Amino acid sequence: MNIFVGSLSFSVKDDELKAVFEQYGEVSSARVLTDKFTGRSKGFGFVEMPDDAAAQKAVDALNGTEIGGRAVVVNQARERSEEPRRNGGYQKRDNGFKRY
DNA sequence: ATTGAGCGA
């Protein structure tokens, strides 16, 4: 299952996130969303775990715990839409506000 | 040096 991890410390890296979740089961991929240009962390990330049972346990166990010195928010991720790939996946914003 | 709700080029 896909797991969303929010409120991450800006110092947390992919490997660190993966290491934490691996304590509860197999992790197929873990990534912290970093800004493409500044390289700075966006403060949240996603973890993919093949075993749903283990994933659910990880969510319960890790939600509210500290990673890199900050209490993180862990829950099931939304479904990433496959559709909007018209611009290489990047949606331009025509105003100052983010729109989805 | 800088930030802190939110869901991913």
Side-chain angles (χ1 to χ4, degrees):
Chain A
M1 90 184 247
N2 301 44
I3 302 169
F4 171 79
V5 186
S7 265
L8 280 169
S9 165
F10 296 123
S11 65
V12 172
K13 310 169 294 291
D14 299 11
D15 325 328
E16 196 169 350
L17 189 64
K18 181 176 183 183
V20 173
F21 278 82
E22 269 179 342
Q23 298 174 323
Y24 296 88
E26 181 184 343
V27 174
S28 52
S29 78
R31 39 197 227 196
V32 174
L33 268 284
T34 55
D35 190 284
K36 187 73 189 321
F37 304 105
T38 72
R40 208 171 314 195
S41 170
K42 283 188 175 355
F44 63 92
F46 293 91
V47 178
E48 171 87 24
M49 295 182 73
D51 183 353
D52 286 17
Q56 190 56 58
K57 284 194 350 184
V59 171
D60 286 341
L62 294 172
N63 187 26
T65 64
E66 289 193 4
I67 298 180
R70 202 164 175 76
V72 294
V73 177
V74 184
N75 45 45
Q76 175 164 2
R78 293 181 184 170
E79 184 171 329
R80 180 179 46 169
S81 58
E82 303 282 340
E83 182 269 322
R85 289 283 158 85
R86 61 192 178 218
N87 226 322
Y90 177 72
Q91 293 190 351
K92 247 191 265 187
R93 63 189 77 164
D94 37 29
N95 48 30
F97 296 87
K98 214 176 185 181
R99 64 183 171 80
Y100 294 105

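Reminder, nothing fancy here: chain letters follow the sequence lines and each chain counts from 1. This is a predicted model, so every value here is computed, not measured.
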Item to check | Minimum-distance nucleotide to Ser7(A) side chain [options: dC7(B), dA5(B), dG8(B)] | outcome: dA5(B)
Next on the checklist: From NZ of Lys36(A) over to C1' of dG8(B), roughly how many Å is that when rounded to an integer?
Outcome noted: 14 Å
Item to check | Whichever of Phe37(A) and Gly6(A) has its nearest DNA chain B nucleotide further upstream toward 5' | outcome: Gly6(A)
Checklist outcome for this item: To the nearest angstrom, the CG-P distance between Asn2(A) and dG8(B) comes to 12 Å
Next on the checklist: Looking only at the side chain of Arg70(A) (C-beta and beyond, no hydrogens), which of the listed nucleotides dG4(B), dA9(B), dG8(B) gets closest?
Outcome noted: dG4(B)
Next on the checklist: Students often get this wrong, so: under 4.0 angstrom with heavy atoms, is Glu48(A) touching a base, only sugar-phosphate, or nothing?
Outcome noted: nothing
Next on the checklist: For residues Val73(A) and Tyr24(A): do they belong to one hydrophobic cluster (side chain heavy atoms under 4.5 Å, members Ile, Leu, Val, Met, Phe, Trp, Tyr)?
Outcome noted: no
Checklist entry - Which value, rounded to the nearest 0.5 Å, describes the distance between Asp51(A) atom CG and Ser28(A) atom OG? => result 11.0 Å
Item to check | Worked check of side-chain contact (heavy atoms from CB on, under 4.5 Å) between Met49(A) and Ile3(A) | outcome: CA-CA 8 Å; Met49(A) 295 182 73; Ile3(A) 302 169; 3.8 Å; yes
Next on the checklist: Between Met1(A) and Val47(A), is there shared hydrophobic-cluster membership here, with clusters defined by ILVMFWY side-chain heavy atoms closer than 4.5 Å?
Outcome noted: yes
Checklist entry - With a 4.0 Å cut-off on heavy atoms, is Asn75(A) in touch with a base, just the backbone sugar-phosphate, or nothing at all? => result base
Next on the checklist: Output the rounded distance in Å from CG (Leu8(A)) to C1' (dT3(B)).
Outcome noted: 14 Å
Checklist outcome for this item: Out of dG4(B), dC7(B), dA9(B), minimum distance to the side chain of Phe44(A) belongs to dC7(B)
Checklist entry - In whole Å, what is the span from the CZ atom of Arg31(A) to the C1' atom of dC7(B)? => result 12 Å
Item to check | Aromatic ring of Phe46(A) stacked on base six-ring of dG8(B), 5.5 Å, 30° | outcome: yes
Item to check | Phe10(A) CZ to dG4(B) C1', straight-line distance once rounded to whole Å | outcome: 5 Å
Next on the checklist: Should the side chain of Arg78(A) and the base of dG8(B) be counted as holding a donor-acceptor pair, with the cut-off at 3.5 Å?
Outcome noted: no
